[in-house]
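Worksheet for the structure shown next.
Residue numbers start from 1 in every chain, and the chains themselves are labelled A, B, ... in the order their sequence lines are given, proteins ahead of strands. Because the structure is predicted, anything quoted here is derived from the model rather than measured.
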Protein chains: 2
Amino acid sequence: MELSWLEDFLTLSNTLNFSRAAELRNLTQPTFSRRIRNLENWLGVTLVDRGTFPASLTAEGRSFRKAAEETVHALYREREQCLQMAGGEASFQSFVTLHTIAVSFFPHWLHTLEGKLGPLRTRMTCATMNDCVENLVSGASNFMLFYAHPSAPLRLDPVQYPSLVVGKERLIPVSAPGRGRKPRHPLLGGGTKPTPYLRYARHTFITRLIDTIIAAQPKPPLLEVRHENALTLSLKVMTMEGHGLTWLPETSIKAELQAGSLVLAGPSEWSLAMEIRAYRSVQRGAREKERIWSLLHESAVD
Amino acid sequence: MELSWLEDFLTLSNTLNFSRAAELRNLTQPTFSRRIRNLENWLGVTLVDRGTFPASLTAEGRSFRKAAEETVHALYREREQCLQMAGGEASFQSFVTLHTIAVSFFPHWLHTLEGKLGPLRTRMTCATMNDCVENLVSGASNFMLFYAHPSAPLRLDPVQYPSLVVGKERLIPVSAPGRGRKPRHPLLGGGTKPTPYLRYARHTFITRLIDTIIAAQPKPPLLEVRHENALTLSLKVMTMEGHGLTWLPETSIKAELQAGSLVLAGPSEWSLAMEIRAYRSVQRGAREKERIWSLLHESAVD
DNA sequence: GCCGATGATGCAGATTTTGCATAGGGCATG
DNA sequence: CATGCCCTATGCAAAATCTGCATCATCGGC
C-alpha cells in the first residue's frame, strides 16, 4: 500500500473524474486508473462507482476518504515534526509558491519578516499552481504564497486553509523600449501588423489571469504568439531582448522600468491588480510556525 | 512512501536488530536495510542509530514510531471497516492461527461458538508463528488463536493484546502401532538403534515446545531425524504410514488413537499440556467482534 | 445516429525492488 | 595484537513492478 495511492484517491474524490484527477496528479489516465484499482484491491472493496456520471464514491469510499485524509496529513505532519526535531531549535519553515513569486516578492518580503522575527531558517519549493496546492494540502509545506484574484479562485477551502493578504502585485503589459521611450511592441495601435506576443505556458495560473484581462476588453488586441514559456524570469529576459510584448508582475521589473530597459506597453485597463496571499492549514503546527502566522496577522495588508 | 516501510520500521524498533527484524518480515537483511533507509530518506531524518550496540532509535525515531504505529493500525482498521461495510450486516470475522489449530481445534470450536451466537461468517488465515502475530498486531485479523505454554511465551504485550483460554491441548509422542498395539517406534527402550523421528520444521513454535519437552528429561532419547516438515497434517500421515515417531496435538488424532491406527509412543512425562488461547487487540472493533469476545469471556476455560 | 468524452486494457520500455555475494566495521576472546 | 563472530552496507544482475502510448468499449448529448 502506497501513500501516493491515498493521495490519488483524495484527488479523485475531489474531482470525481479520473482523467482530470490524473492530470492534477501528473499522471496519465491509465496509470491513475490502475493506481486507484490497486488501492481498491488492497482494501478489498470498490471505492468509486464508475457506472454513474459523474463518477461517485461508494459508501465505503466516503468512509475511507476520511481515513485516507487523516492518514496522509498525519504522515506529512509527522515528517515535518521529525525535520523540526532534527533541525533543533532553529528549524526550517517551509514555503511553497510559484517561481515568479519566489523571485519577485519573496526575497524582499522575507527581509521584512526577519526584521520583526529575527533570522529564520526557511525552505522554499517552487511549483506550478496545482503542485503548490498539493503541497499545502498534504502538509509538505507550512505556508503557501499565491496570487489571488476573484477571476481565478483557487480550489481551496477557505476554512481549512485560511489566508492573509501579505502584498499587492500588478500584472502589467511591457515591452522593450523603441524610439523615445515608447514601447517597441505596443499592445494597441500597431496598425494591421500583429504585435509579437510572448505568452505564458498554457494551463498556468498567470495565463488564466491574462486571459481574464483580454476577455474584459471590448476589442481583442491584435497579437501573434511568438514564444511560450512557463518561467517569468525567462519571459522577462526575452522581452528585454526585444522579442515581443508580455505581461509581467510589476515588482519583478521595478528596476528595469526605472532604468528604461522595459516600458509599459499599454494603458492601465490592460493591467490587473491582484493580491499576494499567504495560506496555511488550520492544523496547528510547531511553535515557530504559529509565531510567523500571528506576525503575518498583525502586519497583513488589507 | 510505502505502508510496508512503516511495518518494517515497527518491527525494527521492537527487535533493534536489522537481521532479526528482516527475518521476522520475511526479507533478506540487505533489502530490509534499504527499506529502512528509504523511510529515513523520505522523512529526511535518521531514525535508527546504527552506531550503538544494540542499535537504538534516535529521538526522531522514537517520536515517529508512535505515529507509524497509529498509521499502520488506522489503515488496517479502516480496511477491515470497509470490508465490513461491503459485506453488509453479516460481516466476516477474521481469525488467524497455525495450520495445526485451524485443522484440529478450530472447526469444532466454531461449532460451539455458533451454537451460542448463531451462524457466523468467518475468515481464517493460516500462518507461521511470526506471521500470526504480525497479522494480529497489524489488525489484519480480529482474533488470533494460539498455543500457550510458559516455556515459549509469545512476544505480545498482554495489555495491548489480552487473551483468554478457549481450549486445552496436549502434545503427545505417537507412532504407528507395531505388534500388539505397542508403538512400532517407541520413544524409549529401543536399545542402541535410534528411533526414526519425524520432526517439525525448525524455527516453528511447536518445535520450540518439543525441544522443551526433551530438554526437561534427564536423558535425551535416542532419535534420528528422518524427515522434517512444517505441516502437522502431513506429519500425521507420515507417522501413520510408519515412517517414525512424532509429537502431535492430541485433539488432531483422537479418532486415530481410538481406532488404533496411531498409538502413544512414550510415557506421560514426554507429553506437554498446553492451552489454546484466543487473542485480540484492545482496540475496540465492530459490534460483532465485541459480541464474540464477550461470549468467549463467559465461556472461557480456566 | 453520430460525436465527444470517459474509463479500461494490451503491450513494450523504463524504473524499482529484490536476493545473493561480499565488503567493512566493531567487539570479545585467546 | 591477531582471530573469529556478529552486525550493517554495497555492487550487481535478475525479477517484479510501474508507466506511458495506443487503442478499445461504453455512455450521454446533440
Checklist outcome for this item: Heavy-atom contacts, protein to nucleotides 17-24 of chain D, under 4.0 Å, summarised as B (base), S (sugar-phosphate only) or - (none) per nt, yield --BBBB--
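Across all non-hydrogen atoms, the minimal contact from A152(A) to L209(A) is CB-CD2, 3.9 Å. E134(A) approaches L24(A) most closely through the heavy-atom pair OE2-O, 4.5 Å.
Here Y161(B) and Y279(B) keep their ring centres 6.0 angstrom or further from each other. With ring centers used as reference points, F205(A) lies under 6.0 Å from F146(A).
Contact check, S19(B) against dC7(D): no side-chain N or O comes under 4.0 Å of OP1 or OP2. Contact annotation: R20(B) side-chain N/O to dC7(D) OP1/OP2 distance is under 4.0 Å.
The footprint of chain A on DNA chain C, defined by a heavy-atom cutoff below 4.0 Å, extends from dT6(C) to dC11(C).
Residue pairs meeting the salt bridge (Lys or Arg N to Asp or Glu O under 4.0 Å) criterion with at least one member in residues 47-56 of chain B, sequence neighbours excluded: E40(B)-R50(B). Pairs of residues two or more places apart, or lying in two chains, that qualify as ring-ring contact (aromatic ring centres under 6.0 Å, His included) and include a residue from residues 2-41 of chain A are F9(A)-F64(A).
Residues that satisfy the side chain to side chain donor-acceptor pair (under 3.5 Å) test with T212(A), not counting sequence neighbours, are S151(A). Residues passing the side chain to side chain contact (heavy atoms under 4.5 Å, CB included) test with E70(B), sequence neighbours excluded: none.
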